[in-house]
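Just so you know, ligand 1 is whichever comes first in the structure, and atom 1 is the first atom listed for that ligand. Just so it is clear, the structure is predicted and the values come from calculations on it, not from any experiment. Numbers for residues simply follow the sequence, beginning at 1.
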Amino acid sequence: MIKPEVLNRWTVENSEELYGIKNWSSGYFNINKKGEVTISPYSNNEKAQVSIMDVISGIKERGMDMPVLLRVENLLDSQISSINNAFNKAITELGYKGKFRGVYPIKVNQQQQVIEEVAKFGQRYHHGLEVGSKAELIAALSILKDKEACLICNGYKDEEFIDLGLNALKMGFQCFFVIEMPGELDLILRRAEIHEIEPNIGVRIKLSSKAGGHWTESGGDRSIFGLNTSQLIEVVDQLKKSDRLHVLKLLHYHLGSQIPNIRDIRSAVVEASRVYSELVKEGAKMGYLDLGGGLAVDYDGSKTNFQSSRNYTTDEYCSDIVEVVQSVMDESSIEHPTIITESGRSTVAYYSVLLFNVLDVAKFDTMSDAQAPKEDSHDLIKNLDEVLKTLSTKKIQECYNDALYYRDEVRELFRHGKISLRERSQAEAIFWKIMSNIVHCKSSLKQSPPELDEIESAISDIYYSNFSLFQSVPDSWAIDQLFPIMPIHRLKECPNRMGVIADITCDCDGKIDKFIDLHDVRTSLRLHELTTREDYYLGVFLVGAYQETLGDLHNLFGDTNVVSIRIHPDGGYDFVREIEGDTVADVLSYVEYDPRQMLTSFRETAEEAIREKRITVKERTEIVKAYSQGLSGYTYFEE
Ligand SMILES: *Cc1c(COP(=O)(O)O)cnc(C)c1O
C-alpha cells in the first residue's frame, strides 16, 4: 500500500509522529534508536530509560507468558509528585493562604500495591485516600499511616462503616464522613455520641454546573449522588438545632470523571466556592473544600475538549482552581480553605501497560483478488467492473452508492439461484477492490462523507491478538473509550499494513477498531507485517485507571500475569513483584465448578473409554495428564 521508497526512509521520528507517542505519553514513553518503546519515569534524566522489549525478555526468562500487565511503580510516584507540585506552585505564586491535600480514590485501582505505594510515596505530600465503601475503608486503614493525610469517606454508610471511621478519628486520622443523603446525618451523630467523639462532617452537593464527557450524569442536578440546595439547608438547620454546626467542616462535589473542558471545571469551582462561603456565613466551621475527581488524561494527545482528551495542562488545572477559590473567598473575606482533590484517573492511568503478542493475521488483500470479467460474465459483474474503472476523487460517493447497489443485486439474484457461487465470489472481490480504492482516494479529500469512514476498518487486516478485551480493557468495549495502542518494537521499519485488532474471545465485540488521532477517530491502525523471525508485540497504554477490576471472565479468560518494575535513576531496574494470572482451575472455580471433582469425573469418563476399548490404559494416563495440566495452566494462548 505504501511506496517502497518510503519504506527505506522510515525512521524512528516517523513512528513517533504516526503513533503520536510524544503527545500522549507525558514524557514517560519514548522510542529509542533501536526502534523500541522505552519507559522513562524521570523527566530530567535521560539515562533512566528501560526498553519494554528488555522487560519482555526478562518476563519470559522468568517463565511467564503473554499477555502481561506491566506496572511501573515510578510512574505512580511521578504523577503524585506532579499534582502536588503543581498545586503547591500555584498556591505560592498566587499567595493563597490555604493548603492543598490530595487524596487517591481507591475505586480507580484498588490493587494493594497501588494503595501501598500511594500511602508510602505520598507521605511526603500528606497525600491521603478516599474510600467509597466499607471494604475500601478497611483496606485504607490497613495501609495509611500518615496522620496529616486526609481520609475521606464517601458512599452510603451503615453503622459498621461509621464506627470504623470514628475509631480512625480517635486514633488521630483526619477522617471525614461525607454525607450523600440527608438521612445519614442522624446515624453519624448518634454513633459519635456513643463513641464520645466529635465527628468531622462533610456534605456532598449536586451542582447545577454541567460537564461534557462520558460521565456527565455524575455531577449536575440529575446526579444520583449528593444533596440539592434544600437538602443542604435542611442539614444545616438540623445541625444548628442541636448546636453542632461546628462539626460541619467540608464541602464536596464530584463532577464526574475525565472532564475534557477547563471551562466546566472552572464553572463548577465557582459554584462550589459560592456554596462554601454561604455555609461559612451560616456559621459552619468549614475549612475544607473537596473538589472530587475529574482531572482528565489526554489519551489521544490532541489537547482538545474531545472526550478522550483535555484542553488544559495540570498546571492550568491547579492554578485555575486556586485562583477561583481565592477570589470567591476574598470577595466575602473568608479564610482560604484547604483544597482537596480526589484525582484517580490521572494518578494511575500511566502506571500500567497491557502487553500482548499477535497470534495471526487475516490479510484483506488475499480476500480481494479480483478477476476482470469476461465476455460472457454476468451483466452485474461487468457493471461493478465499470465502477472500478471509473472511480475518481470527484465521483467517490456516486461510485460507492453504485457499488453497493450492484453488490446487493448480486446477493439477491444468488438467493434466487440466478447467479452461481463462483460468480458471486467474483463480484464481491471486485466490490472490495472498489472499497479499497475508495479509501485511498478518500485520504486526498478534505472532508469525506461519514458513511465512507466505516469502509476503512472493513478493508483492514485483522490482527488476532493474545488478550481479552473484556478482561483487560473493558472500557474500550463498554463505553468506546480510546487508548493509545502501538507496536513496541520494529519502529525503525515502516508499518505498511492497516489493521484492526481482534482479541481471542470468540465474541464479535472483542475487537478494537477505533484508534486515537489528533483530529478524528481512526478506524484502523498502521501495523507491521508479521515475520517468522520474531513475535510481534503490541502495547495498550494508559490502562492503569478503572480497567483492572471492571474486567470480566468472558469466555473464561482470567486475570493476566502482572509484573511490576521499579526503574532506578542509573537506568537499572528491578522486578519488584510478579503475580501469576488465573489458571483455568481458578476461573472455573469462580463460576462454581470444583476443579478436583472435575478431574475425578474426567478420570471416570476415561475409564469408561477403556471399558469400551476405545483407548488403552497407557493412553488414558496421557489423556488424564493433559487434562490436569490444562486445568493448572494459563487461560490465554501459550507457546
Ligand atoms: C470516581 C470518583 C473519583 C475519581 O475521579 P477521577 O476522575 O478518576 O479522578 C473521585 N471522587 C469520587 C467521589 C468518585 O466517585
Side-chain angles (χ1 to χ4, degrees), residues 76 79-80 82-84 86-87 100-111 114-115 118 122 127-133 135-137 140 150-157 161 176-181 184 202-207 211-220 223-227 250-262 264-265 268-269 272 288-299 307-310 312 314 317-318 321 339-352 474-475 478-479 481 483 542-550:
L76 196 53
Q79 283 301 96
I80 291 174
S82 156
I83 189 160
N84 280 283
F87 264 113
F100 169 71
R101 285 284 183 267
V103 292
Y104 171 74
I106 291 183
K107 76 152 194 271
V108 182
N109 186 329
Q110 308 93 330
Q111 306 291 331
V114 174
I115 313 305
V118 170
H127 208 88
L129 296 170
E130 182 266 354
V131 303
S133 69
E136 289 184 356
L137 177 57
C150 292
L151 178 56
I152 307 285
C153 301
N154 287 320
Y156 299 120
K157 291 168 271 297
F161 191 156
F176 292 86
F177 292 121
V178 178
I179 292 173
E180 311 248 4
M181 308 183 292
E184 282 181 313
V203 277
R204 176 168 181 167
I205 51 163
K206 289 182 192 182
L207 294 179
H214 284 301
W215 290 269
T216 326
E217 302 275 293
S218 305
S223 157
I224 50 170
F225 294 112
L227 310 178
L250 178 145
L251 180 71
H252 168 60
Y253 70 87
H254 173 61
L255 263 191
S257 200
Q258 185 69 15
I259 309 294
N261 196 339
I262 189 76
D264 294 333
I265 289 168
V269 179
Y288 297 85
L289 179 56
D290 175 356
L291 314 175
L295 175 56
V297 167
D298 195 359
Y299 291 97
Q307 269 179 3
S308 49
S309 185
R310 63 175 197 184
Y312 53 90
T314 302
Y317 172 83
C318 297
I321 286 174
I339 295 172
I340 297 173
T341 66
E342 305 177 344
S343 284
R345 182 184 296 276
S346 76
T347 309
V348 289
Y350 297 92
Y351 168 70
S352 314
D475 279 348
I479 54 174
Q481 194 186 319
F483 293 95
L542 315 193
V543 294
Y546 296 102
Q547 302 313 294
E548 289 185 45
T549 37
L550 280 179

Which heavy atom of Ile115 sits nearest to which heavy atom of Gln110, and what is that distance? CG1-O, 3.9 Å

Nearest neighbour in protein (non-hydrogen) for atom 3 (C) of ligand 1: His254 CE1, 3.5 Å

Could you tell me if any non-hydrogen atom of Phe225 lies under 4.0 Å from any atom of ligand 1? no

Numbered atoms and elements of ligand 1 in range of Asn154, under 4.0 angstrom, heavy atoms: 13 (C)

Heavy-atom contacts with Arg345 under 4.0 Å: which atoms of ligand 1 show up? List them by number with element. 6 (P), 8 (O), 9 (O)

So Tyr312 and Tyr317, would you call those rings parallel, tilted or perpendicular, with 30° and 60° as cut-offs? parallel

Go through it in stages, so that I can follow the logic: the residues are Val108 and Thr347, the test is side chain to side chain contact (heavy atoms under 4.5 Å, CB included), and I'd like the CA-CA distance, side-chain angles, deciding distance and then a yes or no. CA-CA 9 Å; Val108 182; Thr347 309; over 6 Å; no

Shortest non-hydrogen contact from Gly544 to Ser352? CA-OG, 3.5 Å

Per-atom contacts of ligand 1 with Gly294, taking only distances under 4.0 Å to non-hydrogen atoms: 5 (O), 6 (P), 7 (O), 9 (O)

Heavy-atom side-chain proximity of Leu251 to Tyr253 below 4.5 angstrom: no

For atom 7 (O) of ligand 1, the option (of Ser257, Gly293, Gly155) bearing the nearest heavy atom: Ser257

Mark up the atoms of ligand 1 that fall under 4.0 Å of a heavy atom belonging to Ser343, in ascending order. 9 (O)

Between Gly344 and ligand 1, is there a nitrogen or oxygen pair with a distance under 3.5 Å? yes

For Tyr546, take its heavy atoms, then give the atoms of ligand 1 lying under 4.0 Å from any of them. 1 (C), 4 (C), 5 (O), 6 (P), 8 (O)

Which heavy atom of the protein is the closest neighbour of atom 1 (C) of ligand 1, given with residue, atom name and distance? Lys107 NZ, 1.4 Å

Taking all heavy atoms of Thr314 and all of Ser82, pick out the closest pair and write down the distance. CG2-OG, 4.2 Å

Residue Pro105 vicinity, atoms of ligand 1 by number, heavy atom under 4.0 Å: 3 (C), 4 (C), 10 (C)

Closest approach of Ala296 to Ser309 (non-hydrogen atoms, all atoms of both residues): CB-O, 3.9 Å

On a heavy-atom basis, which atom in Lys107 and which in Tyr546 lie closest, and how many Å separate them? CE-CE2, 3.7 Å

Give me the nearest non-hydrogen protein atom to atom 12 (C) of ligand 1 as residue plus atom name, then the distance to 0.1 Å. Glu342 OE1, 3.3 Å

Report yes if some N/O of Ser346 lies less than 3.5 Å from some N/O of ligand 1; otherwise report no. no

Do Glu130 and ligand 1 have an N or O pair less than 3.5 Å apart? no

Please report the shortest heavy-atom distance between Gln258 and Ser308, naming the atom on each side. NE2-C, 3.7 Å

In terms of relative ring orientation, are Phe225 and Tyr156 parallel, tilted or perpendicular, with 30° and 60° separating the classes? tilted

For ligand 1, which atoms have a heavy atom of Arg204 less than 4.0 angstrom away? 13 (C)

